[in-house]
Protein chains: 2
Amino acid sequence: MNTSENISPENYANWFALYKLCQLAKERKYIEISSVEFGEILGLSQQTGSRRINDLEQLGWIKRKIDGKSQKISITKEGATIMLSIYRELRNLLESILIIGEVTEGIHEGGYYVSIRGYFQQFKERLGFEPYKGTLNLRLSDTDNEILREKLKNITPIIIEGFKDLNREYGPVKCYDVYISRMDDEKNKHKAAILDIQRTHHKENIIEILAKPYLRDYFNLKDGDKLIIDISKDKQSVSSLS
Amino acid sequence: MNTSENISPENYANWFALYKLCQLAKERKYIEISSVEFGEILGLSQQTGSRRINDLEQLGWIKRKIDGKSQKISITKEGATIMLSIYRELRNLLESILIIGEVTEGIHEGGYYVSIRGYFQQFKERLGFEPYKGTLNLRLSDTDNEILREKLKNITPIIIEGFKDLNREYGPVKCYDVYISRMDDEKNKHKAAILDIQRTHHKENIIEILAKPYLRDYFNLKDGDKLIIDISKDKQSVSSLS
DNA sequence: ATTACTAAGAAGCGAGTAG
DNA sequence: TCTACTCGCTTCTTAGTAA
């Protein structure tokens, strides 16, 4: 089943009606609603409310029993499939228009950096949080990586200064403020930072994320899970427009 | 931000237009499209294509650069947020209108049953597949459990007959054909069976799933992950209508 | 080529009302 | 009360065309 066939100009009014009915179905069993009430929910008249319910029934997206005064509505398997396919299509689209990183087992180099005393103190002061002594490694697609790098160019990084100790010299490190979140959970949008280490040894598009909590636990992650990386410059476009 | 405010009757035409633009954005960088082409994609005229793009720009959902002949369009953060919030809202709705089970560590009783020789041979023959010798335990919400039980009543179960051996007597077991899938992956819809063991010791709404592969690996699951349980009687409604 | 204006035409909505 | 019909009116779309 092709999603584009399901929502097309002729019936996105119906799709919206189904969406609203599903919201009502949250409270479950079946939906008992009059055309007046449904019209109000749609922000339209009783007549249109009635028409929409008719149309949805015709489309086979809902079933109903009219019982004199009241009508009982339920979502059919077809209706649910429509919703599910739109959901899935949206998920695919979002993976294209957002920068998504895939949790991966890293080489813990970032973690090593964080632990170094001379850096750690600076991270604490300049990032605005005391970072967990380890990084979360996220693998980006080529395109996402490209876009991310381009975006980062337009952002002034937080500079962690280099220093020397008895043994060796430590170079400066750049960080970038970001927000990290799961695709399916809007409440947990966590402040974090991209740790920009110039790396020679993995060509792969892996970025390292610093945050106060241990992110794998905080977001309940396993390898392969996907996170949204949000470089919150509000008015910016998400797909790059050079 | 409230999703219901984002898609309302006045602007779902715009929402749909944004959705279509995002599909185009899949191919990335920026979208370079004429109003004629966009009209065609919408199934509408050039004029409307042009108007939609204008409207979307007005809403701040897209940015564009008109460059003589061609215009380059990109999705703004606001636009992406709209899409993301609809995605999330849909996810919530789907969790209400579909039967969703949460992966949980079971007591492995089902697994014990499967392994028993007298049962195993029957499972193999009657389910149409050779089950993995263990079950996946899914916890249901009270409502989902109620609805599932009600649905199962209307389905003729696969009966696995009881038998005796030297030590004890084994009772009959009922199974129900289902399809199991992740919410985010339409390709992997796997044939499985609910193993209906009358259980006294967990009051919790846990069902046990039989399938050929080890489902935790097959779907890459961890505890708490959610699966759709699809009792595929096609013309049936998903929300119960008695 | 494009985008986008205006005016005519089509589609959709709601008032009135029947069943 | 309900749902849902017809019909007038409003809104949106398209044709023609300018920039």
Side-chain angles (χ1 to χ4, degrees), chain A residues 4 6-21 24-25 29-76 79 237 241-242, chain B residues 4 6-21 24 29-76 237 241-242:
Chain A
S4 345
N6 296 327
I7 39 175
S8 59
E10 308 92 61
N11 65 10
Y12 47 70
N14 288 327
W15 182 86
F16 181 71
L18 180 64
Y19 177 88
K20 281 297 181 187
L21 273 178
L24 295 168
K29 287 302 190 187
Y30 44 76
I31 309 150
E32 194 160 356
I33 195 170
S34 71
S35 56
V36 181
E37 290 171 296
F38 192 53
E40 270 166 24
I41 285 165
L42 297 174
L44 297 167
S45 67
Q46 172 268 322
Q47 290 85 344
T48 304
S50 170
R51 211 181 351 247
R52 288 281 193 279
I53 292 172
N54 266 322
D55 292 349
L56 292 181
E57 195 181 17
Q58 221 78 58
L59 285 163
W61 295 357
I62 63 168
K63 276 204 309 193
R64 68 170 156 173
K65 281 184 181 170
I66 307 174
D67 183 25
K69 286 168 170 282
S70 78
Q71 59 184 341
K72 291 175 182 179
I73 294 171
S74 64
I75 318 290
T76 62
S237 53
L241 202 150
S242 88
Chain B
S4 343
N6 294 330
I7 38 173
S8 59
E10 307 92 64
N11 65 9
Y12 48 69
N14 288 327
W15 182 86
F16 180 71
L18 180 65
Y19 176 89
K20 282 295 181 188
L21 272 178
L24 296 168
K29 287 299 191 190
Y30 46 75
I31 310 152
E32 192 160 358
I33 193 169
S34 71
S35 56
V36 181
E37 290 171 295
F38 191 53
E40 270 166 23
I41 284 165
L42 296 175
L44 297 166
S45 66
Q46 171 269 320
Q47 290 84 345
T48 305
S50 170
R51 208 189 354 252
R52 289 282 193 279
I53 292 172
N54 267 322
D55 291 349
L56 291 182
E57 194 181 22
Q58 220 78 57
L59 284 164
W61 295 357
I62 63 169
K63 277 203 310 193
R64 70 171 156 174
K65 282 184 181 169
I66 306 175
D67 183 24
K69 285 170 173 279
S70 77
Q71 60 185 342
K72 289 174 183 179
I73 294 172
S74 64
I75 317 289
T76 62
S237 52
L241 201 151
S242 86

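We use all heavy atoms of the structure for the numbers below, so side chains are in, but hydrogens, waters and symmetry mates are not. Below, read A as the first sequence line, B as the second, and so on, with proteins coming before strands; counting in each chain starts at 1.
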Using modelled atom types only, decide if a donor and an acceptor are shared between the side chain of B:E32 and the backbone of B:Q71 within a distance under 3.5 Å.
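Side chain of B:E32 to backbone of B:Q71, a donor-acceptor pair under 3.5 Å: no, none is there.
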
Sidechain-backbone polar pair: A:T76 side chain, A:G60 backbone, donor-acceptor under 3.5 Å
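Present.
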
Return the value, rounded to whole Å, for the distance between atom [atom1] of [X] and atom [atom2] of [N].
X: A:I66; N: C:dG19; atom1: CD1; atom2: C1'; value: 13 Å
X: B:L44; N: D:dT13; atom1: CG; atom2: P; value: 7 Å
X: B:N14; N: D:dT11; atom1: CG; atom2: P; value: 17 Å
X: A:L42; N: C:dG12; atom1: CG; atom2: P; value: 15 Å
X: B:Y12; N: C:dC13; atom1: OH; atom2: C1'; value: 11 Å
X: B:I33; N: C:dT3; atom1: CD1; atom2: C1'; value: 14 Å
X: B:E37; N: C:dA1; atom1: CD; atom2: P; value: 13 Å
X: A:R64; N: D:dC2; atom1: CZ; atom2: C1'; value: 12 Å

For D:dT3 and A:Q71 - does any side-chain N or O of the residue sit under 4.0 Å from the phosphate oxygens OP1/OP2?
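For D:dT3, OP1/OP2 do have a side-chain N/O of A:Q71 under 4.0 Å.
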
Are A:S45 and C:dC13 close enough that a side-chain N or O sits under 4.0 Å from OP1 or OP2?
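It does not, given that no N or O in the side chain of A:S45 lies less than 4.0 Å from OP1 or OP2 of C:dC13.
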
Drop me the distance from [X]'s [atom1] to [Y]'s [atom2], to the nearest 0.5 angstrom.
X: A:R64; Y: A:K72; atom1: CZ; atom2: NZ; result: 14.5 Å
X: B:E37; Y: B:I31; atom1: CD; atom2: CD1; result: 12.0 Å
X: A:Y30; Y: A:I75; atom1: OH; atom2: CD1; result: 14.5 Å
X: A:W61; Y: A:D55; atom1: CH2; atom2: CG; result: 10.0 Å

Parallel, tilted or perpendicular: which describes the rings of A:Y12 and B:Y12, with under 30° parallel and over 60° perpendicular?
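Taking B:Y12 first and then A:Y12, their aromatic rings stand perpendicular (interplane angle over 60°).
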
Within residues 46-57 of chain B, residues whose heavy atoms come under 4.0 Å of DNA chain C:
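Correct list: B:Q46, B:Q47, B:S50, B:N54.
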
Determine the minimum heavy-atom distance between A:R52 and A:A17, stating which atoms define it.
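Reported closest heavy-atom pair: CD-CB, 3.9 Å.
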
Identify the heavy atoms of A:I53 and A:I62 that sit nearest to each other, and give their distance.
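Smallest heavy-atom distance, with atoms named: O-CD1, 3.7 Å.
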
So if I take the C1' atoms of five pairs at each end of the helix from C:dT2-D:dA19 to C:dG19-D:dC2 and get each local axis, what angle do the two axes make, rounded to 10 degrees?
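Helix axis angle between the two ends: 40°.
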
